[in-house]
Structures are given as C-alpha cells and as structure tokens.
Amino acid sequence: MTEAPLIVPSSVGPGSSGSRGEDELLAGLNPQQLAAVTYRGPALLIVAGAGSGKTSVLTRRIASLLRGREAWPSQILAITFTNKAAGEMRERVEQLVGEASRGMWISTFHSACVRILRREAEQFGFTKSFTIYDSGDSRALIKRLVKEHEADAYGLTPASVQSRISKLKNELQDSDSYARDANMSDPAEQKFVEIFADYQRQLRKANAFDFDDLIGQTVYLFRAFPKVADTYRRRFRHILVDEYQDTNHAQYALIHELTRPVSADDPSTGSGSGFEASNGMMIFEPETTPELEGASLTVVGDSDQSIYAFRGADIRNISEFERDFPGAKVVLLEQNYRSTQNILSAANAVIGNNFDRKDKKLWSDKGDGDKIVGFTGYSQHDEAQFVADEVEALRRAGMPYSEMAVFYRTNSQSRALEEIFIRSAVPYKIMGGTKFYERAEIKDALAYLIAVANPADEMSVRRILNKPRRGIGGVTEASIAQFAETHGITFRDALSVPAELGVGPKIQAAIGHLDAVLKEATALMLPASGEVPPPTVVADGLSLLLAKSGYLDALRASRDPQDEARVENLDEFVAVARDFARNNPEGTIADFLTEVALVSDADDLDDESGSVSMMTMHTAKGLEYDAVFVTGVEEDLIPHRISAGEPGGPQEERRLFYVGITRARKRLHLSLAMTRAQFGEVSVAMPSRFLQEIPAALVDWRQSPGDVNSRGGTQSRALNARRGGFGSGGRGDDRFGVKKLPPRDSLKPLATAMDRFPNKVTGKVRDNGDLELAAGDRIRHDDFGEGRVDAVTGEGAKRIAHVRFDSAGLKKLLIKIAPIEKL
DNA sequence: AGTCGTAGCCTTTTT
DNA sequence: GGCTACGACT
C-alpha cells in the first residue's frame, strides 16, 4: 500500500502541458469547465447546475491528473452516489486513459467504507466476514427488540425507532452521547436509549453493520486509530466527491478525516488515547508540523438538487464549503448541454421560488425546442393511458423506448401505469419497487449464505431454521437459544449438538440435517487450508444449500402457483452468482454478499435497450432521457402531503420536481389526474402549486386542469372542451401538433364533467383466453369503443392487436387481457 | 405445527 | 386495494 509518491510538480494551466493528450482532454470545454478540470489546489468546489457536463468535467479532471503524472491511480478516491454512477465514471476514465486507470477507487461511500472495514475489522472486534444489514434486516432486529423491551406501551414503533436511530447515526451519535442530552426522566426516552444500546450490542454480537454503521464506524475507526487513518491519508492524495449536496454529517466527517494532514508524530503514541474514546466522538487536534499535507479535495454538487435531507443530507455541507476549507476555489457551471430552452425556462421558473438559494440561471444554446405538453386525466388510469399513447406516438416518430422515462413521486403510483402499459403492450422496466433482493425466497437464500459466511449472525440462522418446514417452531427455537445462552456458545453452534437441546427425536434429526448441510457448504466455500477455491464456488455452494436443505424440493412440491415463480427467481439468483464468478474470479462469498447488499435501484438500470424506464423522481437523479413524463403533478403528491409539516419540506419537494423536469433533453410531459384512488378510496386531486410556477406560454395543455384549478379560468376550460378523442388530430399522424377544436361554450354541471374525458379508462383487465383475431376484424373495447384490427403480431400470451379505433385512434392491445370482444 | 380468515395498516423519497 | 400480523381452528 506504500506506493512511492512519485508526484511530478504540476505546472498545469491551459496549454502549459506539452502532451497532445492533454489538449485532447481539454478540447471543447467552456472556460468554466476548463478551470474545473485544470485548477490545482487543496480544495475545489464545482457548482454544477443540472446538465452542465459535470460528469465529463469530473472524469477529465481525473484523467488529467493521471496523464500529467500528478497522481498514481491508487492515489485517487472518487465517491459517487450510486454504484451505477461509479461504474460509468470508471468506464469513462478508462476510455480517456486506458489501463492507466487501474487501481483507482471509484465507488460509493458505502462500498468504499466496506472495503476499508473489511481490511481493518479485526482492529475493533469484528471479523472480515461481517455481514451488512439492509434496512429490512435492521427493521426485523429492531422489531424484536421493541417487543422484548415492551416499548410499544410508550408509543415506540419499530419504524419510528429505526428512523430515529438512523438519523442519530448520521449525526455520528451513539446511545451514550444521545442519553447525555436527552430528557431521561421521560420513560419513553429511557426505553429508546435502552433499545438503541441493545441494538448496537446485537449488531456487534452478530458481527454485522447496518447501512449507517458502514460510514459511522469507519469514522470511528479513523478517530480511534489514527495510525490506521494515516495509512489511508497517505494513500489517497486526491479525493473527489460527486453529489456533494446530498452528503450527511457522517459522510462529511469521513471526508474531513481523510483530508486531514498526516502528522509527523511518532505513530506509536497516538492510538492509545484514541482507544479510550469508546463513543467515537473524539477529535484529534492536528499535530504541529505535518509530515504530509492533506489530500486535495474536489467536490461537485448543486444545492438545487439536494433531495435527501430526509435521510440526513445536510445542505450546509455544500453551502459552507468555503468556510470549511479556507482558500477553496469555486467554479460555477451554468451552461446546460442537455435540455432545450423551454424546458430550462420552466425549470428556472420553478426553482426560482425557493428562497435562500444562490441565484443561478441555467441557459442553453439548443434553441427553444418543443413546448412542454400538459395533460389532465380523469383518473390515474386515464393519465396512464395518455402516457402510453404518447410513448407510442414518439416511438412511431422514431424515438427508441429506451430514451423515454416515466417519473412519479411515490412507488405506489407505478401500479396504474404498469396496468395500462401491460394492456397497451408497451415494453417497460420498473426501477426499484418490489426489489428482487427483497423477495422472501431470495432473502432465504441469502440467509443460507450468511449462515455459512458469518455464523455469528444469529438472525440469518433463525430465519432458515424452519425454511423449508422442518417442524421447528417457536418452542424449539427458544430452547436452542436457551441452550446457547447457558453454555456460552453461539446459536449456530448449538445446532451441532441436537441431542442435548431437550427436544424430540424427530426434531433432533431435522436440526442434525440442517447442521450437516451447513457444514458441507462451509467446507466447500471456505476451505480450511490455504487452497484456492474455483471462481464458481459461491454459485456451487448456493446450489448445494438450496438443493440439500430441501428448499427447492419443497417449492416444487407445492401446489401454490406462486412457488413456481419463486423457483425461477432462485434460478435467476444462482445465475447472478455465476455472473459474479465470471466478473470476479477471485471473489469470495463475503464479496458476493457485499455486492448484493449494496445494489440500489439506480444500479440495475442496464437497459435491454428498448423499454421505457419507470422510476421515482429520487431514483431519476443523475439520469437523462430524450422524453420525460412527470406524472401525478398534484397537491399532496408533489409536494407530498407529509412534507408540508416538515421544516424545509416544501422547498425540498420543489427541488425534487426540478430534478424531475431537468432530466428531459427534448420533450417534457407533465400530467395529473382529477381523481386519484388511494387505499381503495377515490378522492379529488388538485393540481400541484408547482404547475402554476411554470409560465403558461411554455405549456401546451392537451387537456387542462380546468375548473378544478382556481387559476385555470376560461382559457383552460376552453381547452378542456374538445371532444372526439385527444392526442390524435388525424389518422396517420397523431403526433404533437394537435389542432385545438373550437371551444364549447357554457359550463356543464359537475355530473357530466366526465363528458370532457372522452377516453376515460379504467384499470380492468379480462382473460380472453385464446381469442383469435386477424387483420380486418371489428372489435369493441370497453373504454375505446369500436375499431378495426390492422394487424396482429407476437405469439401465444404475448399476441398484440394493432387496432384503429373509430374515435380513439391507433392503439396496441395485448389480446389476452384487453377488455375487448370480437364483433 | 400449520392453515386459513380477517382486522388494521398503509404510502414519501433510499444508500 | 393489498399486504401483514395475529388469532382461531384443524
């Protein structure tokens, strides 16, 4: 780890480098970008507006450090927000400098900390093979503790306890430091502190870290063991952090620790006193003469895109950067290379309503472009149908599905969109939502792996104890725990002595069998001697566990149709493990589990180019698409109802909306519904206040909020009144230049308001079985009326009818489920 | 021990 | 409207 610090002094400025490569790196940059790439100094803040080319600037900055021989790859640490962003950045740097990029650390905060912790875990009572608890795992643990401490009587719910603990950890607090400031005469506070402390004890006992610990414990490690920290300070000479506006206090502290100068003191003295600081709160004063100055720090961010305050992101980290790092250089990137001016003007107008922000105006030289399209549906299904129709129109106009994205505020909104997309045979892909790794069968499989990799993790062992059913119930589980407790051994080890547990012979046999399977897998995956296992060891071990435990057999024998899908999911999971073996020939079971624990929604984004992407606006950050649909632009959704009560809530919601609209390159659609069903109850929805912040001239309302909206006035009502189908002016080209029909006069009573929504659509589906259709057939559709089949494509359950409806225009329908009948 | 029914909750956003 | 947790029943 001690590379010779062969640092060639930098005399870099534009044009000062003789190498041709340098010119190529700097080609095409505007003056601000150029400064951001070439500035050299201890601290640099790049304020990068949406679409201002910050990724390009960041990658070129890294490439320029490498090319100029100012840094070895191993001296560079670049932190991104998602693994996907990290992968992209690595790829782009590789394109610029090739093999010279090997050895850089480009990763998320969490992955970087896992790497550090795996190396250093033994320093403070963990082992290399620690497990990572995702939020579901910690919720399960906290739930158990809340019950054990009988804390529900004090109004403590698992959810509230979990979120409070998480918030505190993001502030680098632990149960002791919290207790010092808390009102401990309040019994609820006392309970909370007890649970917090117990939770931390349980984690340690299980040799596990939760998400927040990954950062917080690394900071603790650095503060308690300066010698260890110095190793990393010597190593990382250039630290670059993307999305700096979304860092929380713990991440900020981590960066601070890493950029501290290395003291020239005798390293053997420092660590003793640090060890005493068991709460990790201790700050070590910088020593007199540094042996090595602190690493150079570059941060990139945009306070207008700060959308993670709810999970502890502190906007002050970026707004007070210049104070934290005196002498820091600040570069502003304001030219947007992504969107048309209309889209940017809307974005600027919206974000301009946030006070206490540094004014910053994005501009583009791409020209005005198309107007923003607005649409109001009667219901969320109506809205979804609009989106599906527009997607199809754009597709016919030549835009690939992969260049379109649909955003929403809450995950639950995806359901209606999905229903309509399926029915309309539009290929789509949902980012997030019911995540693969959260499925019960996958969690079970992971628990089997963890039981092997980290037997101290009692929760995983408990989880698989009776999966598949072995007749081991709560009573047996308790006696195992009891036995382990009294004999001072782990829960896992208690399984090795079934005869002594005081349970019946049948159950003894079951426990003995489970123990044997786990031992066999351990021998395979973690060979005792130094022999190197084959790359496929994780996949093989997983297959072995699933087969010999009887898990797969139980699913296959089941007559629950869902279990068939579960078997397929497990097959896919084994395939994931094989993939991992291919990409990481030396990867261990711990590496595999780390990767799985840290994958995020934005990560599995690798499109099979050719499907529309659907995701929350949060997930959308950092991405861009030719066409963007922001849906559900309603009060109580965006801004979300819950945000209203929180300080800074509405402003954060506005930033979120801003993030959503600035993802669009060419076409932006804003849509809402007049009524929205939630919890099965239908309620009236109001247009979002953010809509009114967009200058009316920028929006072409296909169907406006009309009289539900106080601002709408006569103009919107007039636009409302068109009948005879929307979205399609003429036959062959139901594209964008829709002609407005003459306004219909007089207001109708509310009862007939539905007249204005000629294409009112419901979510219903039907099983048509093997309905035969051919070109030329006439059909009737529950929502669209009568039409004629143009063509039929696809096979079997995926047969698609292309139908020309008499009034609703051209649609694609999935024959098997569409609500249609042949005439 | 396992299965089935229902009451209650839920929906902010995520590494 | 759907999921989960819990209780009664087999």
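Lettering of chains follows the sequences in order, A, B, ..., and the numbering in each one begins at 1. For clarity, every value in this text was computed on a predicted model and none was experimentally measured. Quick note: numbers below take in every heavy atom, side chains included, and nothing from hydrogens, waters or symmetry partners.
- For the pair A/Leu656 and A/Arg469, nearest-nucleotide mapping onto DNA chain B gives the more 5' position to A/Arg469.
- Between the NZ atom of A/Lys506 and the P atom of B/dG2 there is a distance of 11 Å, rounded to whole Å.
- Here, B/dT11 and C/dC6 have their C1' atoms 23 Å apart, quoted to the whole Å.
- Closest-nucleotide positions on DNA chain B for A/Arg470 and A/Ile642 were compared, and the one nearer the 5' end corresponds to A/Arg470.
- Ring centroids of A/Phe310 and A/His640 are separated by 6.0 Å or more, keeping the two rings apart.
- The distance between atom CD1 of A/Ile307 and atom P of B/dT15, rounded to the nearest whole Å, is 11 Å.
- A sub-4.0 Å separation between OP1 or OP2 of B/dT15 and a side-chain N or O of A/Asn248 is absent.
- Atom C1' of nucleotide B/dA1 and atom CD of A/Glu477 are separated by 14 Å, given to the nearest angstrom.
- In this structure, A/Gln245 and A/Glu243 have side chains that are in contact, with non-hydrogen atoms separated by less than 4.5 Å.
- A/Arg311 has no side-chain polar atom (N or O) that falls below the 4.0 Å cut-off from OP1 or OP2 of B/dT12.
- For the pair A/Arg139 CZ and B/dC10 C1', the computed distance is 13 Å after rounding to whole Å.
- Under the stacking definition used here (centres under 5.5 Å, planes under 30°), the residue A/Phe310 qualifies as stacked on the base of B/dT13.
- Aromatic ring centroids of A/Phe81 and A/Tyr308 lie under 6.0 Å apart.
- Separating the CD1 atom of A/Ile507 from the P atom of B/dG2 is a distance of 9 Å, rounded to the nearest angstrom.
- Within 4.0 Å (heavy atoms only), A/Thr616 reaches sugar-phosphate atoms of the nucleic acid but no base atom.
- Of the candidates B/dA1, B/dT12, B/dG2, the closest approach to any side-chain atom of A/Thr476 belongs to B/dA1.
- A donor-acceptor contact under 3.5 angstrom links the side-chain atoms of A/His110 to the base of B/dT15.
- Among the atoms of the strands shown, only primed sugar atoms or phosphate atoms (P, OP1, OP2) are found under 4.0 Å from some heavy atom of A/Tyr308.
- Within the structure, every side-chain polar atom (N or O) of A/Asn411 is placed at least 4.0 Å from both OP1 and OP2 of B/dT12.
- Taking both residues in full, the closest heavy atoms of A/Ala206 and A/Asn454 are given as O-ND2, 2.9 Å, listed atom of the first, atom of the second, then distance.
- Taking atom C1' on both nucleotides, C/dA5 is separated from B/dT12 by 23 Å, rounded to a whole Å.
- Between the NZ atom of A/Lys167 and the C1' atom of B/dT13 there is a distance of 12 Å, given to the nearest Å.
- Taking both residues in full, the closest heavy atoms of A/Arg462 and A/Ala481 are given as NH2-CB, 3.8 Å, listed atom of the first, atom of the second, then distance.
- Every residue two or more places apart in sequence or in another chain that forms a salt bridge (Lys or Arg N to Asp or Glu O under 4.0 Å) with A/Arg463 is listed here: A/Asp444.
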statement: B/S/- along nucleotides 3-10 of chain C (protein heavy atoms under 4.0 Å) is --S-----
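- Considering only side-chain N and O atoms, A/Ser412 lies nowhere under 4.0 angstrom from the phosphate OP1 or OP2 of B/dC10.
- With distances taken from any side-chain atom of A/Thr108 to the nucleotides B/dT14, B/dA1, B/dT15, the minimum falls on B/dT15.
- Electrostatic pairing of A/Lys443 and A/Asp137 counts as a salt bridge here, judged by a charged N lying under 4.0 Å from a carboxylate O.
- Nearest approach of A/Gly312 to A/Asn170, heavy atoms of both residues: CA-ND2, 4.3 Å.
- Rounded to an integer number of Å, the gap from CD of A/Gln678 to P of B/dC9 is 17 Å.
- The residue A/Asn466 sits close only to the backbone: its heavy atoms come under 4.0 Å of sugar-phosphate atoms, none of a base.
- Following rounding to the nearest Å, A/Glu243 (CD) and B/dT14 (C1') show an atom-to-atom distance of 14 Å.
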